[in-house]
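Quick note: residue numbers are just sequence positions, from 1.
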Amino acid sequence: MNKSKILIVDDHPIVRQGISQLINQAPDLIVAGEADTPHKALKCLTSIDPDLVMVDISLGDCSGIELLKDLRIHHPKLPVLVLSMHSESLYAERVLRLGARGYIMKDQATDLLIQAIRQVLAGKVYLSPDMSSRMLDLLVDGRSEPCETPVQRLSNRELEVFELIGRGLGTREIAEQLSLSIKTVEAHRAHIKEKLNLQNSVELLQSATIWMQGENTAPGVLR
């Protein structure tokens with residue numbers, strides 16, 4: 001049997017190892033390569049020629065969102081499955097709009113991961129049953145989904161900046177990471193504070209840090 005080749009892009013070695021062991025046990029799948037940054041992932045594509053790329057949204061000081069944008073431009077036919085710790089209610093629709101074919105959270109059962117990979121390889125979209133039903137209801141009703149939390153009001157770029165703030169990066173570092181001017185990053189920070197009803201940079205840093213740690217009690221952010 002010709003096995004489908006998977007490229008795993010995740011910044012945690014233990015996570016990559018665990019996912020690799022799981023995938024390699026499947027008779028029809030094999031991990032052909034691993035990368036911990038978007039740059040390394042793009043380099044791997046030329047040598048590996050994978051059938052599917054599995055991408056984490058958070059890649060250390062980098063953003064998986066930027067990698068999705070690059071993949072959509074340079075490899076539009078390459079199937080991408082996003083595997084993340086972040087709630088699909090916040091990211092699923094965003095990544096689908098950026099060209100990903102599926103979204104699965106890291107706390108899902110291992111058999112669901114294999115199911116998601118096979119479904120995306122078959123040309124279908126994978127979302128959890130709850131998220132699929134939710135998006136179908138919105139489509140049938142012809143309405144836009146109201147924001148459940150202030151974070152959902154952030155644009156993709158603002159969400160990237162918010163995440164990098166939570167990872168401890170300063171304005172200049174964020175500007176270099178996202179290839180933006182310092183003035184543009186400062187503007188994004190101002191918009192984020194306004195949308196999240198935060199009074200100053202200290203509250204912004206605290207909320208971003210708590211959100212990155214996966215807490216659900218960030219004041220003014222997740223409620």
Side-chain angles (χ1 to χ4, degrees), residues 9-12 15 35-42 55-74 80 82-100 103 105-107 131 135 138 144-223:
V9 187
D10 192 293
D11 62 319
H12 294 96
V15 173
D36 58 0
T37 67
H39 177 68
K40 291 180 181 178
L42 292 174
V55 178
D56 189 358
I57 288 293
S58 302
L59 298 171
D61 293 338
C62 304
S63 169
I65 293 293
E66 288 302 304
L67 177 56
L68 290 179
K69 293 177 182 178
D70 286 336
L71 291 174
R72 182 178 61 176
I73 294 172
H74 301 293
V80 178
V82 173
L83 176 67
S84 176
M85 67 177 182
H86 295 303
S87 170
E88 63 178 350
S89 64
L90 176 61
Y91 273 106
E93 184 178 356
R94 294 175 189 261
V95 302
L96 292 181
R97 290 182 183 277
L98 289 172
Y103 192 99
M105 294 182 61
K106 288 184 175 180
D107 61 357
M131 193 66 191
M135 294 188 72
L138 293 174
S144 297
E145 184 175 13
C147 290
E148 293 185 354
T149 69
V151 171
Q152 288 178 292
R153 301 186 187 118
L154 302 181
S155 68
N156 286 340
R157 181 63 85 183
E158 289 166 352
L159 192 57
E160 285 182 282
V161 172
F162 186 60
E163 179 178 333
L164 292 176
I165 291 172
R167 291 180 175 277
L169 273 68
T171 299
R172 183 178 297 278
E173 293 172 305
I174 294 173
E176 293 175 354
Q177 188 67 56
L178 299 179
S179 299
L180 301 173
S181 69
I182 292 178
K183 185 175 181 180
T184 298
V185 174
E186 290 175 343
H188 286 315
R189 289 174 61 100
H191 292 156
I192 294 169
K193 285 189 287 187
E194 180 179 353
K195 290 181 179 180
L196 302 187
N197 193 28
L198 301 172
Q199 301 302 312
N200 50 52
S201 296
V202 173
E203 288 190 4
L204 174 59
L205 176 59
Q206 290 175 339
S207 294
T209 301
I210 292 172
W211 183 74
M212 282 302 299
Q213 292 173 344
E215 298 287 345
N216 292 319
T217 55
V221 175
L222 297 180
R223 289 178 182 249

## Note on the structure
Residues at least two apart in sequence or cross-chain that pass side-chain hydrogen bond (donor to acceptor under 3.5 Å, both in side chains) with T184, listed by chain then number, are S181
### Task
List for me each residue that meets side-chain hydrogen bond (donor to acceptor under 3.5 Å, both in side chains) alongside S58, sequence neighbours excluded, and say none if there are none.
H86, E163, R167
### Message
Under the rule for side-chain hydrogen bond (donor to acceptor under 3.5 Å, both in side chains), what residues qualify as partners of K106, not counting sequence neighbours?
### Response
D10, D56
### Query
Within the side chain of E176, is there an N or O that forms a donor-acceptor pair under 3.5 Å with the backbone of E173?
no
### Message
Would you compute the distance between atom OG of S84 and atom CG of L90 and round it to the nearest 0.5 angstrom?
### Response
9.0 Å
### Message
If you define the side chain from C-beta out and look only at heavy atoms, does anything of L68 sit under 4.5 Å from R94?
### Response
no
### Message
Taking salt bridge (charged side-chain N to carboxylate O under 4.0 Å, His left out) as the definition, give me every residue that meets it alongside E160, ordered by chain and number, with sequence neighbours left out.
### Response
K69, R157
### Task
Could you check V185, L204, T171 and say which one makes a side-chain contact (heavy atoms from CB on, under 4.5 Å) with I165?
L204
### Query
Is there side-chain contact between L159 and I65, with heavy atoms separated by less than 4.5 Å?
no
### Message
Could you check whether any side-chain heavy atom of L178 comes within less than 4.5 Å of a side-chain heavy atom of L164, counting everything from C-beta outward?
### Response
yes
### Task
Write out all pairs satisfying salt bridge (charged side-chain N to carboxylate O under 4.0 Å, His left out) with one or both partners inside residues 178-190, taking only residues at least two apart or from two chains.
none
### Under 3.5 Å: donor-acceptor pair, side chain of E194, backbone of A190
no
### Task
Could you check if a side-chain atom of V151 sits within less than 4.5 angstrom of a side-chain atom of K195, using non-hydrogen atoms only?
no
#### Entry: Any residue meeting salt bridge (charged side-chain N to carboxylate O under 4.0 Å, His left out) with R97, in chain and number order, not counting sequence neighbours
E93
### Query
Roughly how far apart are L98 CG and N156 CG, rounded to 0.5 Å?
5.5 Å
### Query
Less than 4.5 Å apart, any side-chain heavy atom of V82 and any of L96?
no
### Query
With side chains defined as the heavy atoms from C-beta onward, is the minimum distance between V55 and L83 less than 4.5 Å?
no
### Beyond-backbone contact of V95 with I57, side-chain heavy atoms, under 4.5 angstrom
yes
### Heavy-atom donor-acceptor pair, K193 side chain to L198 backbone, under 3.5 Å
no
### Message
I'd like to know if the side chain of Q177 reaches the main chain of I174, judged simply by a donor and an acceptor atom lying under 3.5 Å from each other, with no hydrogens or angles considered.
### Response
no
### Query
What are the two closest non-hydrogen atoms of E158 and L154, and how far apart are they?
OE1-CA, 3.4 Å
### Query
Side chains of L42 and L67: closer than 4.5 Å at any heavy-atom pair?
yes
### Summary
NE2 of H188 to CZ of F162, rounded to nearest 0.5 Å, is 14.5 Å
### Non-hydrogen atoms of G64 and L59 that approach each other most closely
CA-CD1, 4.0 Å
